[in-house]
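The structure displayed is predicted, hence computed values, not measured ones. Just so you know, these numbers use all the heavy atoms, side chains as well, and skip hydrogens, waters and symmetry mates. Proteins come first, then strands; the chains are lettered A, B, ... in the order of their sequence lines, and each starts at number 1.
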Amino acid sequence: MAAHRLMKARDVPFPLVDIDILDAADEELMQISSDMGLNLSLDEMKTVREYFKAEGRTSTDVELQAIGQAWSEHCCYKSSKPILKEFVFSIARSDILSKGDAGVMVFDDEYGYALRIESHNHPSAIEPYGGAATGIGGILRDVICMGAQPIGLADPLCFGPLDYDGELPPGTKHPRYLANGVVSGIRDYGNRVGIPTITGGFFFDERYVGNCLVNVACLGIVKREDLAVNHAGGPGEVMILLGGRTGRDGIHGVNFASADLTSTSEEDSRGAVQLGDPITKEPLMHACLEVNSQHLITGMKDLGGGGLSCVVDEMALDGGCGADIELEKVPLKEEGLAPWEIWVSESQERMMVTAKPENVTKILEIFDSWDVLATPIGTTTEVPRTRLFWGGEVIFDMDLKFLTVGPVYNRPYVLPEVSSKEKEVFPDLPSDNEVILTLLSDLNVASKEWAIRQYDHEVRASTIVRPMVGRLNRTGPGDASVLMPVPGRYKGLAAAIGCNPWFTAADPYKGGKAAIDEACRNLVAVGARPNALTDCLNFGNPEKPERLGEFREAVRGIGELASALRIPIPSGNVSLYNEAPGGVFILPTPMVMGCGLIDDFRKSVTADIKEEGNLLFLIGETKDEMGASLLFRKYGGREGAVPDVDAKALRTLSERLLDAMNGRLVRSCHDCSDGGLAVATAEMCISGGIGARLDLSGMGDIGILRKLYSESNTRWIAEVRESDAEQFSSLLGNGAVCIGRTGGDSLLIPEASVDLSVGDLRKAWSDPIWKIMGGVKE
Amino acid sequence: MKPEDIKVCVLRIEGTNCEDEMAEAFRMVGATPEKVHLKQLAKLSPSDTRRNLEDYDILALPGGFSAGDYVRAGAIFAARIKAAVGHEIKAFDESDKPMLGVCNGFQVLVELGLLPAIETTMTSVPTAALYNNDSGRFECRPTLLRNDNRRNCTFTSDIPRKKVLMFPSAHGEGKLMSMDADFVWKLEDNDQIVFRYTGEDGEEPEYPWNPNGSVSDIAGICNSSGNVLGLMPHPERAMTRFTHPDWTRGYDTEEGDGRAVFTSVINNLLG
């Protein structure tokens, strides 16, 4: 290849190639980019050429590889940053303690809590077990490097239908295989590191067949005096590499994550999938937190995307200094790695700390007592450049700003067509008995127990409300999980996932808002006040204007609602290029995790009906909003208005409902989402083992079908004792209407001639995923 | 002797991951727990951090996946304990000091030969095993346990006989088995059966009430002299009512069912 004339191996006792980029013609630049797997565009390569012209020298392979990492979408958010800046970065609040690798919010006077969500989509599509496991490893490190003890994991996942029998795009694996591998990976890594998997979600749709989504979130707790920063303290400090050895696994992971999947991704990119080791991670976690709590370090950051190249550059740049690294000191899994491989490898279970020289011995001692590798590999310097040495030879010498800041693009976008009421086609339906059982059996509603029971969701003995609630071993779906972050204190931290990719596909702006509404109403349903959000934005190829339009609109919705609620988003992650071989793009999927605080978790509320003879109230307005509803998807309805969110209603109703819960007036509470009021009530009967008789006449005149199945946002169903009903009603005002009474062993809705035994409801809801994945159900 | 004078060694290595809540459980009943890495007992840590097993009154082996448990659960940790402090452990046992193993800790006690140790003390080879759950899956779910011990075990003296308690289970290998055909009878005769899984209202514990298919529904056993208890479910996860899975359905005390295991041993040591 012509570009090879520009590449010359340097005469040194290790593999190093000088690339005479100054001399490269444009098409040679592109050849260099593709031959070396840099995934850089022509304009970007030209910028690189200009840089080295100014430096007056040729480049090394290590330098070009480092740029390829730093300028990837994954590392520098070059397509998404302007949009995020415009809509979400601005939400300020005084109780944000940090917006570092994880966000940190005030928990109480003494503690802060950390939150972060991230995607591990492409690795999981290639190697579901390893991809999901290392996804957990990465999110744990993001929380640890804030100085926080991880206390909970959440895993929202999107796959094609588990029983998919259509054609698979070339090179993709069956959803059932992927789901099984991902769940096993989460189980084996999460359970081994001893952090409970407390919530998550499953989203099934054919649009995910070619590109599954594996998002993972983590919560942590940190003494505010121990809050760590993710950069060096200044020049003259020692950089210490911690944890696992460096190998050829995970090379070019960020570039792989920043391009569409192809039919040959498996062959091309298997090496981009890292290998996780929870039993290196577990003591690494202890040791990192120990050196941090003893205040022996000035900064801490994890090695994720881009490996050493990103962590060294960012810690130095943000610390207002540079770095000199002796690359041959890096402990290796195998001999013979080229310097560039060492520099960009994404081998797992590695962290970096910076420390004053006088503390290094103590730090090494602590890591040795945990049998965890700790190796000083360099120092921070006055000059804002990173320099790499190998046996004295300079093999890398670059300006940090140029390298780390990277390009930013305002790419063209077109606003999407949105689903409208005018064009609505309401489907023909069988009897409501049949509809309700069918909706309960839909994989998106049906019990996820098959996965949840494989995750240890109560290790650390601080899980107060679990993902499944109700009677022992005859549980139903919960809304949010509640943790006791500080043993012996009654203050609780709640977490819940919110996302409706179907709403987002039909109307990205409303879908973005709906994700936040769902996260918030899940939190409120257990008695927690929404406090902060973290979002993982999974979208398609931003170089396609339609895809970027969806992204922009969804982010606008998220930003507008979060601002109106004054709920900050101190951390987040963007995953673009989620397209299958053949260009089938995923449903636009803004995955939101909401975090809420509850002053006394003894007042937590769960969704299972508690007693016979109590009243059921519907909180919130049910509108004619059938667009993208589960009912329409199931029975072939088309168009229709996608549920919108009224920020004011969400705020006031949440406050009133929380007041009622604080006064212990609410026995059970469940939010209305997929399948609307009908499915929500059925779920409360299933977990409580108690039936209910509904009379929906108080809901206005939108027709019984819309009352039952509309998925309007900002709605809950609450169980209230008759003796408390008056007080409850006066608190909720016109926000709540009585819709029935608990009791018996059937769900009865006379207006729709619904008469279903709780046993039949449970069976319809419990069996489907067990039937497909195999195993024994509760 | 006061409760705080009782020193508890909560033994850890890489992958033991329930030591925090185990130590917290002993702290909640007034004792003085310390999380000790095996290297500290093996005198392989900095001199100021070294510890002697004999200085402790109770040894607790927490749950987790010690050393990853990539071979038979508990085997690696047990081998490392034997190599490092085998004699001290034997002496600890023969001086009748209490030892508690929960989940992975139970598996370690069996691998160490400290359980079942029928009619003897620590045996040189394991005589039982905790095998893969019948379901073939890791099972994280509540389990109901009945106290079937006849006052031999030092960890259950505060628990009325036949009383049913909720301790959560979370394991993939909890099915107790032995080559010895008369295994269960011998355990029964020596009053070494401590906890059995039970269904609601005392009926036969069909799955999931017996989450692993354990023989005779055994969830926990002690040794002949009753100072060593191993069980799969986690009492340390049920120290308060609010970590019981169904507490929102109503409760009459804020104390959790697991607490009695820890008060029993402390009260016995206080005499």
Side-chain angles (χ1 to χ4, degrees), chain A residues 149 187-188 191-197 277-280 282-284 286 365-366 368-372 449-450 452-466 468-473 475 482 484 487-488 490 492 601-602 604-606 608 610-611 667-668 688 775-778, chain B residues 12-22 24-25 27-28 37 39-40 44-46 49 63-70 134-144 166 168 170-172 199-200 207-209 211 234 236-250 254 258:
Chain A
Q149 164 69 53
R187 174 197 65 211
D188 289 353
N191 294 357
R192 274 188 169 83
V193 290
I195 308 304
T197 298
D277 174 11
I279 298 307
T280 300
E282 201 267 346
L284 173 65
H286 292 301
E365 194 176 279
I366 289 173
D368 178 63
S369 69
W370 285 102
D371 295 320
V372 176
E449 186 208 7
W450 165 77
I452 292 170
R453 296 274 178 220
Q454 293 189 63
Y455 304 152
D456 192 332
H457 45 261
E458 48 194 34
V459 57
R460 298 189 59 76
S462 56
T463 310
I464 302 300
V465 174
R466 289 162 178 66
M468 300 184 76
V469 300
R471 301 161 301 158
L472 296 183
N473 286 333
T475 49
V482 179
M484 168 177 59
Y490 289 127
F601 58 60
R602 293 173 297 182
S604 303
V605 176
T606 54
D608 46 307
K610 301 297 188 300
E611 298 146 345
R667 297 291 293 136
S668 68
V776 210
K777 65 174 189 302
E778 284 184 358
Chain B
R12 78 195 318 185
I13 58 169
E14 73 279 3
T16 54
N17 60 35
C18 301
E19 53 262 54
D20 289 351
E21 50 268 45
M22 179 67 87
E24 177 66 12
R27 196 195 57 73
M28 286 172 82
H37 195 288
K39 287 178 81 171
Q40 294 174 262
L44 293 172
S45 63
T49 67
F65 289 78
S66 50
D69 269 350
Y70 291 110
D134 281 352
S135 69
R137 284 189 314 276
F138 185 95
E139 298 272 353
C140 180
R141 55 170 73 254
T143 41
L144 296 176
M166 193 294 304
H171 59 260
E200 277 183 317
Y207 174 88
W209 296 104
H234 291 267
E236 83 281 12
R237 293 187 185 182
M239 294 299 285
T240 87
R241 186 59 41 179
F242 306 102
T243 53
H244 282 230
D246 60 346
W247 69 269
T248 57
R249 299 188 66 78
E254 292 202 351

Problem set entry | Minimum heavy-atom distance between B:Trp209 and A:Leu472, given as atom pair plus value | CH2-O, 3.6 Å
Problem set entry | Segment of B:Glu19 engaging chain A (4.5 angstrom heavy-atom cut-off) | side chain
Exercise. Between A:Tyr490 and chain B, which part of the residue has a heavy atom less than 4.5 Å away: side chain, backbone, both or neither?
Worked result: side chain
For this session: Give the C-alpha distance, both sets of side-chain angles, the deciding distance and a yes or no for side-chain contact (heavy atoms from CB on, under 4.5 Å) between A:Thr280 and B:Glu14.
Result: CA-CA 8 Å; A:Thr280 300; B:Glu14 73 279 3; over 6 Å; no
Exercise. Side chain, backbone, both or neither: which part of B:His234 has an atom under 4.5 Å from a heavy atom of chain A?
Worked result: neither
Exercise. Under a 4.5 Å heavy-atom cut-off, does chain B meet the side chain of A:Glu458, its backbone, both or neither?
Worked result: both
Exercise. What part of A:Arg187 lies closer than 4.5 angstrom to a heavy atom of chain B: side chain, backbone, both or neither?
Worked result: side chain
Problem set entry | A:Asp371 to B:His37 - nearest heavy-atom pair and separation | OD2-CE1, 4.4 Å
Problem set entry | Structural part of B:Glu24 lying under 4.5 Å from a heavy atom of chain A | side chain
Exercise. Non-hydrogen atoms of chain A under 4.5 Å away: do they reach the side chain of B:Ile13, the backbone, both or neither?
Worked result: backbone
Exercise. Looking at CG of A:Asp456 and NE2 of B:His171, how far apart are the two atoms once the value is rounded to the nearest 0.5 Å?
Worked result: 11.0 Å
Exercise. What part of B:Asp20 lies closer than 4.5 angstrom to a heavy atom of chain A: side chain, backbone, both or neither?
Worked result: side chain
Seminar exercise, completed: Looking only at B:Arg249, B:Lys39, B:Glu21, most heavy-atom pairs under 4.5 Å shared with chain A are made by B:Arg249
Exercise. How many angstroms lie between atom CZ of A:Arg453 and atom CD of B:Glu139, to the nearest 0.5 angstrom?
Worked result: 8.5 Å
For this session: Answer with side chain, backbone, both or neither: which region of B:Pro245 has an atom nearer than 4.5 Å to a non-hydrogen atom of chain A?
Result: both
Problem set entry | Structural part of A:Val482 lying under 4.5 Å from a heavy atom of chain B | neither
For this session: With a 4.5 angstrom heavy-atom cut-off, could you sort out which part of B:Thr16 is near chain A: side chain, backbone, both or neither?
Result: backbone
Seminar exercise, completed: Looking only at B:Cys18, B:Ser45, B:Pro168, most heavy-atom pairs under 4.5 Å shared with chain A are made by B:Pro168
Exercise. Non-hydrogen atoms of chain A under 4.5 Å away: do they reach the side chain of B:Ala67, the backbone, both or neither?
Worked result: backbone
Problem set entry | Contact origin within B:Arg12 toward chain A - heavy atom pairs under 4.5 Å | side chain
